[in-house]
Amino acid sequence: MLPRLLLIAVTVTAGSLFAQSPAPVASAEPVRPSYPIPGMSSSSPAPGAAAVPLPPGVSAPTGYILSANDQVAVEVFGEEDLRTNGRLNGEGNLSVPLLGSVHLGGLTLTQAAARLTDLYGHDYLVNPRVNVMLVGYAKRRFTMLGQINRPGSYDMPDGSPEGIDLLEAVAMAGGYTRIAAPERISVRRHSNSGRDEIIRVDAKRLARGDRGNFIVLPGDAITVGESIF
């Protein structure tokens, strides 16, 4: 009888030990492959490394020509250290890593990217891929004078850097005063000949849709006349 009881005790004790043994826990850390990942070049930033973000661009009109004080961002794919963001100086030049001052004024964004691609590929990189993005327009202003609620100078909206509708310009300046004469508006505009041109506009007819619209250009000075009682 005693040997049998001892056998039962040993069996129960062994079962308790197995019951208390914790189940193996799967590791939460994913297994990283040791082979190269397709699409990731050796120059790509390491996982967790903070890449320098490019600022958001603006929607430039098709064929937009860069000019002095336009702000652009330049990205060379796979070369984080060559990213840059700045404004063209008064001569239309941009300071670019490795290349120094590069003239981009008078070029479209596509032409600017092609010029930088050629320069980088000539001395520094093999088959570089360069993207040039417009970040901000140079300040282009017009002036509202006369019988307008908020006379002064205004920046062209980012979405319309080359010009806006006259009625939109009036709205930006707070609309007409009580004694304004919208049919008697004069626009002083610099011409290519160097002389100022005076253009007479009847905004009443524009508002009725009789004559389409009139585009205010950068540098224009618009004077709203006064009603004659």
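In this chain, residues are counted from 1 in sequence order.
- The shortest side-chain heavy-atom distance between Leu166 and Leu206 falls under the 4.5 Å cut-off.
- Glu75 and Arg83 are joined by a salt bridge, as a carboxylate oxygen and a charged side-chain nitrogen come within less than 4.0 angstrom of each other.
- Remark: the Ser153 side chain and the Thr143 side chain contain an N/O donor-acceptor pair separated by less than 3.5 Å.
- Under the side-chain contact (heavy atoms from CB on, under 4.5 Å) criterion, Pro151 pairs with Ile148, not counting sequence neighbours.
- Residues His103 and Arg115 meet the side-chain proximity criterion, which asks for heavy atoms closer than 4.5 Å.
- Listed for the Arg141 side chain is no donor-acceptor partner under 3.5 Å among the backbone atoms of Met156.
- Annotation: the span from Lys204 atom NZ to Tyr176 atom OH amounts to 10.0 Å, rounded to 0.5 Å.
- The side-chain heavy atoms of Leu88 and Asn93, taken from C-beta on, include no pair separated by under 4.5 Å.
- Here the closest heavy-atom approach between residue Asn85 and residue Gln71 is recorded as OD1-NE2, 3.2 Å.
- A distance-only check finds no donor-acceptor pair linking the side chain of Thr223 to the backbone of Leu145 [under 3.5 Å].
- No single ILVMFWY cluster, assembled from side-chain heavy atoms under 4.5 Å apart, contains both Leu94 and Ile65.
- Taking both residues in full, the closest heavy atoms of Gln111 and Gly106 are given as OE1-O, 4.3 Å, listed atom of the first, atom of the second, then distance.
- A donor-acceptor contact shorter than 3.5 Å is absent between the side chain of Arg200 and the backbone of Glu183.
- Taking all atoms of both residues into account, the shortest heavy-atom contact from Ala207 to Leu167 is CA-CD1, 3.9 Å.
- If you chain together hydrophobic residues whose side chains sit under 4.5 Å apart, Ile222 and Leu217 never meet in one group.
- A salt bridge links Arg140 with Asp70; the closest basic N to acidic carboxylate O contact falls under 4.0 Å.
- Looking at Val96 and Leu119, their side chains never come closer than 4.5 Å, going by heavy atoms from C-beta outward.
- The backbone N or O of Ala138 sits nowhere less than 3.5 Å from a side-chain atom of Asn69 that would complete a donor-acceptor pair.
- Classification of the Tyr154-Phe142 ring pair by plane angle, with boundaries at 30° and 60°, yields parallel.
- Environment of CG in Asp123: crowded, with over 12 heavy atoms of neighbouring residues, nucleotides or ligands closer than 6.0 Å.
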* Passes side-chain contact (heavy atoms from CB on, under 4.5 Å), Leu66 versus Thr108? Steps please. -> CA-CA 6 Å; Leu66 292 172; Thr108 65; over 6 Å; no
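- At least one side-chain heavy atom of Val130 sits less than 4.5 Å from a side-chain heavy atom of Val74.
- Annotation: side chain of Arg178 is not in contact with side chain of Ser227 (no heavy-atom distance under 4.5 Å).
- Without hydrogens or angle criteria, Glu79 side chain to Val76 main chain gives no donor-acceptor distance under 3.5 Å.
- Residues Pro97 and Asp81 fail the side-chain proximity criterion, which asks for heavy atoms closer than 4.5 Å.
- Side-chain contact between Ile199 and Phe214 is present, with at least one heavy-atom pair separated by less than 4.5 Å.
- Note: Leu116 CG to Leu82 CG = 10.5 Å, rounded to the nearest 0.5 Å.
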